[in-house]
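For reference, the structure is listed below as C-alpha cells.
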Amino acid sequence: MPELPEVEVIKKSLNHRLKKQFITNVWTSKFRMRSQLTAQDQELVKGKMIEKVSRIGKFLVIQLPDSFLLLHFGMSGRLLIAKNNEEIKKIQSTKHVHFLLGLSSIYIFLHDQRRFGGVRLVRKSEADSIVSLKKILNIGVDPIEDLFRPRDFFKKTARVKRNIKSYLMDGSKIAGVGNIYATESLFRAGVNPETPTNKLSLAAWSRIIGCIQFVLTIAIKQGGSTLRDFTDPTGKRGDFTTNHLVYGKKNFNCVVCNARLDAKLINQRTTVFCKFCQKRN
DNA sequence: CTAAAAGCCTGTACGC
DNA sequence: TGCGTACAGGCTTTTA
Ligand SMILES: [Zn+2]
C-alpha cells in the first residue's frame, strides 16, 4: 500500500492522538506476518508511554522510551482506531486484524488482508536514535524530510546503468517511493522509466526530484491514494487517486499529447508511460 | 480459469 | 574477492 504519502497521512493523524498515552494492552494474531512481535517484545512494550509517532520510509515508528515499535503496511495494510467498546468490538469482529495496541484512551489496530506488512520492535540497545534506526533499516534519502539534491544523485549514478524507475523504487537509495508515485513522477518529469541512470542529465534529475517532491506533497494534502484498501485511521479514503495521470491508465489517452498510453513490466511492476512525452532525458 | 494489485525478501547468476 | 544489480519466485487474499 502505503507508500510515503499514505504512511505520512497515518503518522500525522496518529501522532497527536497517541502522544503521551500509555500502552495497556498488546495482542497479535496467530497468522504469519512478514514480521511480528515476540512474547518478550510484547512484555517489554506494556506500560510504556508513547513519546511520539514518526515515519521512516514506509515504516510508521511509534517511539517509546527504550525502543521503537515499527509498523509496516505491505500492500494492503491499514491502521484503524477505536475510541469506545462498541468501536473496538466492531473492528475485532472483522477479518484480517493482526495486531492491536490498547492505550490509555484509544485502541489501534493493524488490518492487513494480504499480510505482506508486519510489526517489529527495535530496542534502543540496537538503535539509540532515529538516525541509527534508519541505518539499520537501510533506508535512503527521504524526499520530503532530507536534503534531496539533483547534483548529488547525478554524481552518485554517473556509472550506474540501472533503469531510473527501479532506482527510484529502491528504498535503500530513496525512501518511500513505490509504484504509484514513481510512475506518476516520471511522467510529470518527462523521463522514460527505462532510462539508465547514467544517461540522465543534471536537468533531468532536477525535474525528476522536483516532480517527486511535488507529487508526494500534493498526495499528502489529498490524504494519499486509495486504490482499494487504503484509508486513514478514521476511515477516510485518499483523494490523490483522482490526480493520477498515468498510473492505472494503460490504454487511456495521454493528457498531454493524446496518444495511447503504454504499459510495460519493469522490475516486475506494471509501469504506464507515454512513449512520446517521456523522452526528455 | 487467469491476472493483477500499494512491497519486499531470498537465491542465483553475472559483470565490473 | 566482493559488491551491486538483474531476474525469477515467493508470500497472500480478493476482485475483475
Ligand atoms: Zn503524451
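Numbered from 1 within each chain, the chains take letters A, B, ... in sequence-line order. Worth saying up front: this structure is predicted, and the values here are computed from it rather than measured.
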**OP:** Under a 3.5 Å limit for both distances, which nucleotide forms a Watson-Crick or G-U wobble pair with B:dG11, could you say?
**Re:** C:dC7
Subject >> Chi angles and distances behind the salt bridge (Lys or Arg N to Asp or Glu O under 4.0 Å) call for A:E86, A:K90 >> reply: CA-CA 6 Å; A:E86 200 187 337; A:K90 196 177 159 195; over 6 Å; no
Between [atom2] of [N] and [atom1] of [X], the distance in whole Å:
X	N	atom1	atom2	result
A:R269	C:dG9	CZ	C1'	15 Å
A:N138	B:dG7	CG	P	17 Å
A:N267	C:dA6	CG	P	7 Å
A:L168	B:dC8	CG	P	14 Å
A:F59	B:dG7	CZ	C1'	10 Å
A:I174	B:dC8	CD1	P	14 Å
A:R162	C:dC7	CZ	P	11 Å
A:I266	B:dG7	CD1	C1'	17 Å

Subject >> Distance-only polar pair, side chains of A:K275 and A:N192, donor-acceptor under 3.5 Å >> reply: no
**OP:** Given side-chain contact (heavy atoms from CB on, under 4.5 Å), test A:Q36 with A:F99 step by step and report yes or no.
**Re:** CA-CA 9 Å; A:Q36 186 55 282; A:F99 179 67; 3.9 Å; yes
**OP:** Looking only at side-chain atoms of A:Q268, point me to the closest of C:dA6, C:dG9, B:dG7.
**Re:**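 Looking only at side-chain atoms, A:Q268 lies closest to C:dG9.
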**OP:** Run the ring-centre check on A:W205 versus A:F153 and record whether the distance is less than 6.0 Å.
**Re:** yes
Subject >> Presence of A:K58 side-chain N/O under 4.0 Å of B:dC8 phosphate oxygens OP1/OP2 >> reply: yes
Original post:
Counting only side-chain N and O atoms of A:K161, is one of them less than 4.0 Å from OP1 or OP2 of B:dC14?
Top reply: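 Answer is no, no contact under 4.0 Å.
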Original post:
Between A:F59 and A:H72, how do the two ring planes meet: parallel, tilted or perpendicular, split at 30° and 60°?
Top reply: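 It falls in the perpendicular class, over 60°.
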Using a cut-off of 4.0 Å on non-hydrogen atoms, how would the nucleic acid contact of [X] be classed: base, sugar-phosphate, or nothing?
X	result
A:D112	nothing
A:T270	sugar-phosphate
A:K173	sugar-phosphate

Original post:
Do A:E3 and B:dG7 share a donor-acceptor pair, side chain to base, under 3.5 Å?
Top reply: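 Answer is no: no donor-acceptor pair is held.
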Original post:
When the P atoms of B:dA3 and C:dA8 are considered, how many whole Å apart are they?
Top reply: 15 Å
**OP:** Quick one: pull up CZ in A:R120 and CD1 in A:I136 and give me the separation to the nearest 0.5 Å.
**Re:** 7.0 Å
Original post:
Is the shortest heavy-atom distance from the side chain of A:K165 to the side chain of A:K264 under 4.5 Å?
Top reply: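 Not in contact.
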Subject >> Nucleotide-resolved protein contact map, nucleotides 11-16 of chain C, B/S/- at heavy-atom distance under 4.0 Å >> reply: BBBS--
